[in-house]
Amino acid sequence: MKNSGWDNDVADALNLAVPRFDPPAGLEDKILQAVETRKKRLRPRAFLVPGLLAATLILVAGNLIQWAAQPTLNALKTGFRVVLLNGTKAAPTATGTMILELEGNHGVLVVRSLPALEDGGRYELWLENGSEAKSVGDFDVDSDGYASLTWTAPAEFRAQQFFVCKGSPDGMPTRPWFLTGRI
Amino acid sequence: MDSDEGDEQLLNHVSRGDSEALRKLYRRHGRRVYSLAFHIVGDEARAEEITQDVFTKVWEKAGSFNSAKAQPLTWMLRITRNRSIDVWRREKPRAELPSDLESPMDGPEETSVNASLEAGVRDALASLPSAQRRALNMAYYTGLTHREIAQTLGEPLGTVKSRIRDALSSLRRRLHR
């Protein structure tokens with residue numbers, strides 16, 4: 001109650017104490033019409049939250065689809081594909097970027113933060129097509145772990161995965177792998 | 001919906017969007033709401049607006065009604081008084097003071113639930129000296145401060161205070177008897 005000086009019993013009694021007057025005849029319908037109008041106006045709000053959720057979902061899904069399709073779209077536009085390579089436990093901070101031809105067998109690898117091999121060995125880039133792996137070149141890194149390598153794969157060899165490991169004299173890929181990436 | 005449902009049940013229906021329940025509440029209590037509004041603002045059109053506002057508020061707030069704090073009618077009349085005083089204050093420069101409560105609360109009552117209380121208040125008010133009733137009427141139904149009432153009536157502030165205090169004491173005694 002606004003006037004705190006009034007205790008509720010007295011105040012409520014005084015609210016009942018006024019002389020009676022009849023309200024206008026049309027007031028009942030006017031009130032009912034008003035609330036029905038509000039009901040109709042409010043009805044869309046009942047769907048507002050689910051609607052917003054659905055819109056958000058569509059937006060997110062749309063973005064995800066676009067994001068997933070982006071490399072393909074870019075590849076179609078430029079004729080090149082970009083694949084990111086991630087460092088493994090052996091080189092957790094290392095990163096690599098592979099740019100390869102969509103239709104051809106050429107590519108460029110750029111790596112960063114690969115640790116220098118203490119025994120003077122060289123890194124080796126391997127491509128794998130799901131059934132066999134081929135080495136397409138080796139490289140050293142500088143003091144920042146940076147290196148780049150231009151490579152050419154054998155004809156008709158379509159790489160699906162890439163990995164960088166330490167080169168070996170017997171021409172076989174060795175563990176551990178330092179960088180891996182997949183198309 | 002049962003025609004004999006209590007006000008609380010009707011409010012419960014209203015909170016779920018049942019406009020027929022609101023219609024029933026209006027038929028039960030619309031006259032009281034309108035009468036209180038009219039007593040305070042003294043204008044039919046304003047009282048009609050306030051009554052509409054009150055029932056719209058009931059429509060919107062029925063879900064938050066707390067029966068532990070008040071009866072539905074009590075709740076509606078509190079809303080009505082507050083809303084009416086707001087309107088009266090807004091139009092204060094040209095608003096008239098509420099009429100005295102000497103006139104009988106005529107007409108058939110909508111329900112007998114509050115009949116004994118209303119009879120008690122009626123008797124209590126009738127028994128008050130007119131000066132006390134007048135001061136009480138102004139203080140309660142307009143929200144004017146004691147000082148404003150004293151200025152309006154041209155009476156000393158202390159006199160107004162004691163009249164209101166004595167009127168309230170009498171009312172309390174009669175109501176709690």
Side-chain angles (χ1 to χ4, degrees), chain A residues 1-70, chain B residues 14 17 19-20 22-23 26-27 30-40 44 47-48 51-52 55-56 59-60 69-71 73-74 77-78 80-82 85-86 98-99 101 103-109 114 117-118 120-122 124-125 136-137 139-141 143 164 168 171-172 175-176:
Chain A
M1 182 173 302
K2 284 184 175 181
N3 190 336
S4 57
W6 305 96
D7 70 44
N8 281 345
D9 287 349
V10 172
D12 293 336
L14 286 171
N15 285 340
L16 291 165
V18 297
R20 293 283 186 273
F21 297 95
D22 287 325
L27 184 53
E28 178 182 317
D29 288 338
K30 204 184 275 187
I31 289 168
L32 267 292
Q33 276 172 12
V35 297
E36 287 295 341
T37 306
R38 291 176 93 85
K39 204 163 38 170
K40 282 177 193 157
R41 262 206 326 254
L42 291 174
R43 195 167 289 143
R45 290 177 70 182
F47 299 100
L48 193 59
V49 172
L52 279 175
L53 283 175
T56 307
L57 206 61
I58 289 165
L59 203 62
V60 169
N63 283 338
L64 280 174
I65 290 165
Q66 195 179 4
W67 175 77
Q70 200 61 43
Chain B
V14 170
S19 52
E20 276 309 304
L22 187 75
R23 186 191 295 278
Y26 175 83
R27 287 183 179 172
R31 191 165 180 247
R32 283 191 172 98
V33 168
Y34 177 82
S35 297
L36 178 58
F38 183 78
H39 178 71
I40 294 172
E44 286 180 15
E48 188 178 335
T51 306
Q52 189 166 335
F55 279 92
T56 304
W59 175 257
E60 290 172 345
K69 288 185 178 173
Q71 293 175 10
L73 173 61
T74 307
L77 292 180
R78 287 177 188 172
T80 307
R81 176 184 176 247
N82 291 337
I85 288 178
D86 286 344
S99 57
L101 288 168
S103 49
M105 291 171 281
D106 53 330
E109 299 309 327
N114 294 287
L117 177 61
E118 288 175 22
V121 186
R122 189 185 304 135
L125 285 169
L136 181 74
N137 190 30
Y140 184 72
Y141 295 109
I164 293 171
L168 281 173
L171 276 181
R172 278 194 201 104
L175 291 172
H176 296 152

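Keep in mind the model is a prediction, meaning the values are calculated, not measured. Throughout, protein chains are lettered first and strands after them, A, B, ... in sequence-line order, and every chain is numbered starting at 1.
- Residues B/Tyr26 and A/Glu28 approach most closely at CE2-CB, 3.4 Å, considering heavy atoms.
- Residues forming a side chain to side chain donor-acceptor pair (under 3.5 Å) with B/Glu48 (at least two apart in sequence, or on another chain): A/Lys30.
- For the atom pair CG (A/Leu32) and CH2 (B/Trp59), the distance works out to 8.5 Å, reported to the nearest 0.5 Å.
- Between B/Val121 and A/Ala17 the shortest heavy-atom distance is CG1-CB, 3.4 Å.
- Among residues two or more places apart in sequence or in another chain, the side chain to side chain contact (heavy atoms under 4.5 Å, CB included) test is passed with A/Asp9 by A/Asp7, B/His176.
- The shortest non-hydrogen separation linking B/Thr51 to A/Ile31 is O-CD1, 4.1 Å.
- Scanning both residues, B/Arg78 and A/Asp12, for their nearest heavy atoms gives NH2-OD2, 2.7 Å.
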Please report the C-alpha distance between B/Leu77 and A/Leu16 in whole Å, then the side-chain angles of each, then the deciding distance to 0.1 Å, and finally whether the side-chain contact (heavy atoms from CB on, under 4.5 Å) criterion is met.
CA-CA 8 Å; B/Leu77 292 180; A/Leu16 291 165; 3.6 Å; yes
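- Here A/Leu27 contributes atom CG and B/Tyr34 contributes atom OH; the two are 8.0 Å apart, rounded to the nearest 0.5 Å.
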Could you walk me through whether A/Asn15 and B/Tyr140 pass the side-chain contact (heavy atoms from CB on, under 4.5 Å) check?
CA-CA 9 Å; A/Asn15 285 340; B/Tyr140 184 72; 2.8 Å; yes
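- Here the shortest heavy-atom pairing between A/Pro19 and B/Ser35 reads O-CB, 3.4 Å.
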Start with the C-alpha gap between A/Val35 and B/Val14, add the side-chain angles, then the distance that decides, and say whether side-chain contact (heavy atoms from CB on, under 4.5 Å) holds.
CA-CA 11 Å; A/Val35 297; B/Val14 170; over 6 Å; no
